[in-house]
Amino acid sequence: MKKYLYLVLITLISSVFFFLRIESSFRMPPSYNYDSDFGRDLLRMYEILHGKLTLIGPQLSFAGLHMAPYSFYIFAPFLLLANYDHRILFYVNGFVFLLGFIALFIFLKKKWGKNFAFLSVLWLLTTPYLILSARTPGNGFSYLILFIFVILALFYKNKVSNKQHFGIGLLEGIIINFHPINLLIAVPLHLGKIIFLTKESVNQKIKSGLVALFGMGITFAPVALFELKHDFVITKSLLNPAYYLAYFASGKVSSSSFIQSVWSLHSTTSSLIPFSMIGLLAVNILLFTKNKGGRKNILFFVVGLLNVLFLVLLKQGAVHYFLPTLLLLQLILLIQANEFRFKYAFFVMLIGLNLLFFPVRLYQPSRNLTQVETNFKTIVQGNFLPRENLNVILINETHLSKVGYEYRYLLKKYNYAVDDEYSYNLSKYLLVVDEGSTVKNFTNEKSWEFDQFGDKELVNSQKVNRATFFLFKK
């Protein structure tokens with residue numbers, strides 16, 4: 001009976017912890033700029049559920065790059081089951097993380113014993129960035145729970161058949177299609193394992209490597225099909241020097257020194273985990289020099305170190321860029337600390353740090369789609385808007401949400417025929433949603449979207465709480 005008590009205990013702790021955090025606030029402010037991304041994802045899922053299938057996922061911020069749309073198709077059925085109530089995606093995402101951590105405890109208990117497995121999972125459970133990921137369904141976060149098992153499989157699986165190489169490669173490909181930053185971890189770890197850690201002939205290593213790469217590559221089939229159908233538009237964008245010149249000329253790449261970049265990475269990631277990425281790396285270095293581990297430890301440590309250096313040299317990046325490297329460093333630390341004499345006291349301290357320095361400030365009330373929808377119902381349920389020939393512009397404190405994906409989703413949900421974000425010039429009516437900006441006269445407001453719509457006159461306006469809705473026509 002005792003062997004089940006730990007499982008029951010960790011299940012209860014996980015359930016209470018995750019679902020209270022999911023309910024405590026809708027979204028953390030660091031993911032505020034993802035409101036537009038979340039609205040975009042909801043819109044694409046709605047279109048998929050209404051027969052408009054897609055071969056590509058969300059557009060990334062560099063050179064028009066798209067990956068495969070696995071996140072859309074995974075979450076879309078749940079949105080349908082909940083009658084398009086977006087909150088279901090948060091519960092599903094959190095529940096998947098919960099099940100994942102239960103499975104992780106069962107796996108680690110066999111490797112490390114139940115006491116250290118319990119502390120290890122509890123440390124992960126209380127880490128802020130993993131809580132953020134469990135509460136944020138989307139391509140930048142949802143894959144992390146799966147990535148844990150892939151990394152551990154690569155470390156602990158000694159004899160790997162070609163079928164297993166293919167299967168692991170397939171999972172890695174799906175993870176990379178959630179976000180390509182994961183390629184910098186998945187590919188070196190998998191190929192490094194084949195080259196340096198397997199006792200096989202050179203021919204067999206080549207075969208295993210090709211099988212693993214084929215598993216990864218096959219997950220890009222939707223994007224490849226899209227490219228064939230659209231004259232390789234994504235590839236041409238990636239090969240266009242103008243994108244790279246514009247990127248470096250835009251000021252997005254900092255001119256800070258190496259030391260300044262290290263400090264910036266420390267500061268940025270200290271709210272994601274109290275130790276910060278630099279602190280995690282430092283502890284790993286200390287344990288690595290003390291343990292003097294074998295080739296397996298060296299491979300994982302070197303891949304982790306190189307990814308930290310990459311992020312330092314990158315000198316910029318959104319929050320989700322840091323998560324795969326943080327996860328790898330945490331898992332390396334767990335693996336190395338298993339041989340540490342004072343590991344129990346050490347991880348009790350780490351859990352205490354997670355709780356003591358938990359970024360409560362990030363859980364202050366913030367904008368959320370439930371409140372947005374409540375306000376918007378007043379508009380869509382009246383006679384304020386025309387049912388077709390309509391486009392949308394959103395004005396608020398973040399520039400990333402100009403096209404108002406969340407409002408486009410709500411309009412479609414309430415059976416309005418809204419034009420897409422590339423057709424302002426074809427639309428007859430324009431809905432401008434002002435969520436508390438300082439703009440006084442939208443008739444003369446300048447932006448690409450306004451310029452595309454052209455000359456306009458105000459037809460109607462209505463204020464609902466802090467939001468003001470303006471309807472223009474050509």
Side-chain angles (χ1 to χ4, degrees), residues 24-46 79 84-87 89-90 136 138 362-421 423-424 427-453 456-474:
S24 64
S25 69
F26 190 77
R27 292 174 74 76
M28 293 169 110
S31 62
Y32 175 86
N33 286 345
Y34 292 93
D35 278 352
S36 58
D37 284 3
F38 185 54
R40 173 207 62 200
D41 293 352
L42 289 170
L43 180 62
R44 299 297 175 250
M45 292 176 207
Y46 182 94
L79 188 63
Y84 302 101
D85 186 337
H86 63 274
R87 291 174 295 182
L89 303 188
F90 293 89
T136 312
L362 300 180
Y363 280 87
Q364 300 306 311
S366 61
R367 177 183 186 268
N368 63 73
L369 193 54
T370 302
Q371 183 181 10
V372 167
E373 182 168 6
T374 300
N375 292 341
F376 201 43
K377 276 184 180 179
T378 305
I379 300 298
V380 298
Q381 291 176 349
N383 295 318
F384 186 87
L385 297 174
R387 286 281 172 178
E388 57 185 17
N389 297 323
L390 177 67
N391 221 312
V392 182
I393 291 178
L394 171 61
I395 308 294
N396 61 18
E397 59 191 70
T398 171
H399 69 282
L400 297 178
S401 55
K402 195 85 168 184
V403 298
Y405 283 114
E406 51 267 58
Y407 286 98
R408 292 173 185 276
Y409 168 70
L410 292 174
L411 283 167
K412 291 205 172 188
K413 179 179 176 179
Y414 290 101
N415 299 314
Y416 282 80
V418 60
D419 297 334
D420 66 44
E421 62 269 36
S423 303
Y424 287 98
S427 302
K428 183 177 179 181
Y429 295 95
L430 179 66
L431 172 66
V432 177
V433 184
D434 177 13
E435 294 185 339
S437 76
T438 58
V439 178
K440 301 298 183 183
N441 184 0
F442 287 105
T443 303
N444 299 320
E445 179 71 6
K446 295 295 182 182
S447 73
W448 179 87
E449 293 82 5
F450 279 114
D451 291 344
Q452 285 291 301
F453 185 77
K456 54 191 175 296
E457 61 177 301
L458 182 64
V459 176
N460 203 351
S461 65
Q462 184 172 341
K463 186 176 178 64
V464 182
N465 294 326
R466 291 186 59 192
T468 305
F469 300 88
F470 300 89
L471 180 64
F472 293 92
K473 75 172 183 178
K474 288 184 176 179

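Just so it is clear, the model here is predicted, and its values are computed rather than measured.
Put simply, CG on Leu430 and CD1 on Ile393 are 4.5 Å apart, with the number rounded to the nearest 0.5 Å. Between atom CG of residue Asn383 and atom CD1 of residue Ile379 there is a gap of 11.0 Å, rounded to the nearest 0.5 Å. Once rounded to the nearest 0.5 Å, the distance linking CG of Leu431 with CG of Leu411 reads 6.5 Å. Taking OH from Tyr429 and CG from Asn389, the interatomic distance works out to 7.5 Å, rounded to the nearest 0.5 Å. With rounding to the nearest 0.5 Å, the separation of OH in Tyr405 from CG in Asp41 is 10.0 Å. Taken from CZ in Phe472 to CG in Leu458, the straight-line distance is 5.0 Å, to the nearest 0.5 Å.
The environment of NZ in Lys412 is crowded: more than 12 heavy-atom neighbours from other residues, nucleotides or ligands sit within 6.0 Å.
Taking 4.0 Å as the cut-off between side-chain N and carboxylate O, Arg40 and Asp37 count as a salt-bridged pair.
Scanning all heavy atoms of the two residues, the minimum distance from Lys474 to Phe453 falls at CE-O, 2.8 Å. Closest of all the heavy-atom pairs between Pro386 and Tyr416 is O-CD2, 3.3 Å.
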Does the side chain to side chain contact (heavy atoms under 4.5 Å, CB included) test come out yes or no for Lys413 and Val380, once each step is laid out? CA-CA 10 Å; Lys413 179 179 176 179; Val380 298; over 6 Å; no
Please list every donor-acceptor pair under 3.5 Å in which a side-chain atom of residues 460-471 meets a protein atom from a residue at least two apart or in another chain.
unit_1, atom_1, unit_2, atom_2, d
Lys463, NZ, Asn465, O, 3.4
Asn465, ND2, Asn375, OD1, 2.7

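Put simply, the side chain of Arg387 gets close to the backbone of Asn415: a donor and an acceptor are under 3.5 Å apart. Side chain of Tyr414 to backbone of Tyr409: no donor-acceptor contact under 3.5 angstrom is found. The closest donor-acceptor contact from the side chain of Lys402 to the backbone of Glu449 lies at 3.5 Å or more, if one exists at all. The closest donor-acceptor contact from the side chain of Arg408 to the backbone of Asn391 lies at 3.5 Å or more, if one exists at all. In this structure, Tyr407 contributes its side chain and Leu394 its backbone to no donor-acceptor pair below 3.5 Å.
A distance below 6.0 Å separates the ring centres of Phe90 and Phe38.
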